[in-house]
Amino acid sequence: MIDNPLLRTISAVLAQVAEETPLVFSATLEVFIQPLRQQFTPRQFSVLPAVDLTSLAAGLSLALRMKESEKRDLNIKQQSDKDVVIFAEAGETFGATPLNLFRLKYPWANLLYVCLDSQLWGISTGESSFSTPRGARTLSTPVEPEPWWKIFPIDCFDYAAQGCFSHADDFRNKVGRAVNLAGLRYLHLLAPSPLYWGFPGEELEEVARAAVEAGFWPLFEIEEGHGRINLEIKKVAGLMEFYRRQGRFAHLFTEDGQVLAKTEKALEDSWKDLRNKLKAPPP
Amino acid sequence: MDGEKIKLLTGNQAVAEAQRQIKPHFFLSTYGQRPGSVTASLHQYANNHLFEGRLLSFSSFTELLSFACGAALPGLKVTLSVTHKELTSSLALLHLTALLRLPLVMNVINGPLLPLASAFGNQEAALSVRESGWLQIYTSSAQETYEANLLACKLAADEEVRLPIMIIRDEYLGSEFYEEVSLLKDNYAERFLGKIPGGEKTRLKEIGYAFWRRSLAQASERSLVKYREHARALGTFTGNVLAPVGYYGSPQAGVVLITMGSKSGQARSLVEKLAKDKSLGVLVIRLFRPFPFREIRELLSKCFKVAVWESLEELGGETPLFDDLWKLTAAMETRPPLKVFAGENPRDFFEKL
């Protein structure tokens, strides 16, 4: 069970989520949550494709509150105290979920949206998504990468954070913060895929740790528009070593090394952009 | 009956009246509602504290049905109102809501999908989603629309059914025209509706698509029996039973014209006009999904000719209603010849019969 990065991440999040909170899993996760079903069936709501996940969560959040309340004439402007947790993958998050409109459309609803990013459209499909790094081999034509904090305006979230299970304390703090706040909270969590990334399953923890320490997966959080970098990377180093561990980048290691030089440069630029976005000072 | 009051209402207002009595937790619709729409009427009721449900409008059908899924999953009563244009925009979600066995009731205004097509009796949108697993009730008057709403609400939430239901009325004739509607008094409607069972039973089992599909098919079969049962129960309050099929004209008629929706009014007036010369009957199908085979077979057993009147010609096959009737008559001992008249006026084709 622990070998599956998705399950591992989901279980770590669920450890802090209240017992009665309904959970919504996107369709592509259906296969991976089977072991969890026995554990959580009574409170679980699982869904199929074509659903607008945010609208579904808004309906669920409001309906649960109405069901509990005896009075029918509830004020819609009042915040619902019922939480809903959505788990989805990168492809569905960037391709089909208008998260930036959630607070405009449903200002009274509560939602914790957890994106499990395996840098693919979906871990079961292996196609590229906006989060696929430049040069990585996937099962479909790669697209120009675009980080989530550029796709969604960061001030559309009440709380947003990027984390990785390899850094357990930071991960736990972020999940705890997201669970305890109200409104729209977003967690963007790394879920490396041994199959499509091309590394042995036993190295899961090490690869995830290397991704963070090489500056490839920055750890940061945003609360009410104020950003903070949780793990400072003074200089982007160790990227080559991180890339070398994975089969998906094997074709980049050519004699002239031009592509890799460009990649390092792109990552440095990306850090600059991130600091600007978060208004975080350089280290 | 003493439990009724008569009002002059449009089809939309009849829906609003029914919804006021049903008291759903949520009434969801899409934007672009005209003045005089169901939502507009319900807003008026809400302003006068006559309607307590939550009225919400959405910019897309996908959002609307997704929200409805979320709201209905914990067991709240959810009703919807959409037009033909939205209905055809998200077929996948229609299938999904049926598979989830959500007891939604959706009022649909039927109309042409393209501006050049005839607006009268055009049912192409609703017919195109007939295999989505939703029950389909076609109404031909404001009175029927009102009764169908009460009936559908009870039927959808029935423990043995738990299926979403579409109540389909034709644009203009079924939505804008004023008609006399006899409404049940609120306490009578409440007695009929009773306590709608809630509960969190609509949850996906882990067995998979084939299992859900089978359970949906079984529920659909049961729904026909339950429809008859609840229609009879409603009939004790209203005085007339909203049967799965309606029949007008001579009981011994040799020629029967079969149709659905607002076209039946025109067919009935024609039959009355020609009653002196010809022995004609009109069979109006109200419950189209599941198809009421038993009732139709009984009514057609004595006739020697059947004409099916549909609004549009089928492209490369048979028209939906004709197709079902063809299967139905195949099992009859003496099969009456079937003829389809698509897009024609009965005035013209009745002479050919």
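Below, read A as the first sequence line, B as the second, and so on, with proteins coming before strands; counting in each chain starts at 1.
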Approximate separation, where rounding is to 0.5 Å, of A/Leu56 CG and B/Thr62 OG1
12.5 Å
Are there over 12 heavy-atom neighbours, none belonging to A/Phe94, within less than 6.0 Å of that residue's CZ?
yes
Can you tell if the side chain of B/Phe26 reaches within under 4.5 Å of the side chain of A/Met66, non-hydrogen atoms only?
yes
Kindly check if the number of other-residue, nucleotide or ligand heavy atoms within 6.0 Å of NZ (A/Lys105) is above 12?
yes
Hits for side-chain hydrogen bond (donor to acceptor under 3.5 Å, both in side chains) against A/Lys150, two or more places apart or cross-chain, chain-then-number order -> A/Asp273
Shortest non-hydrogen contact between B/Phe67 and A/Ala58, atoms and distance:
CE1-C, 3.8 Å
State, to 0.1 Å, how close B/Pro74 and A/Ala63 come at their nearest heavy-atom pair, and which atoms those are.
CG-CB, 3.9 Å
Would you indicate whether the side-chain heavy atoms of B/Ser66 and A/Leu53 approach each other to under 4.5 Å?
no
With sequence neighbours left out, write down each residue that passes side-chain hydrogen bond (donor to acceptor under 3.5 Å, both in side chains) with A/Lys174, or none if nothing qualifies.
A/Asp170, A/Asn230
In Å and rounded to the nearest 0.5 Å, what is the OG to CG distance from B/Ser60 to A/Asp52?
6.5 Å
Distance from A/Thr54 atom OG1 to B/Glu63 atom CD, nearest 0.5 Å?
7.0 Å
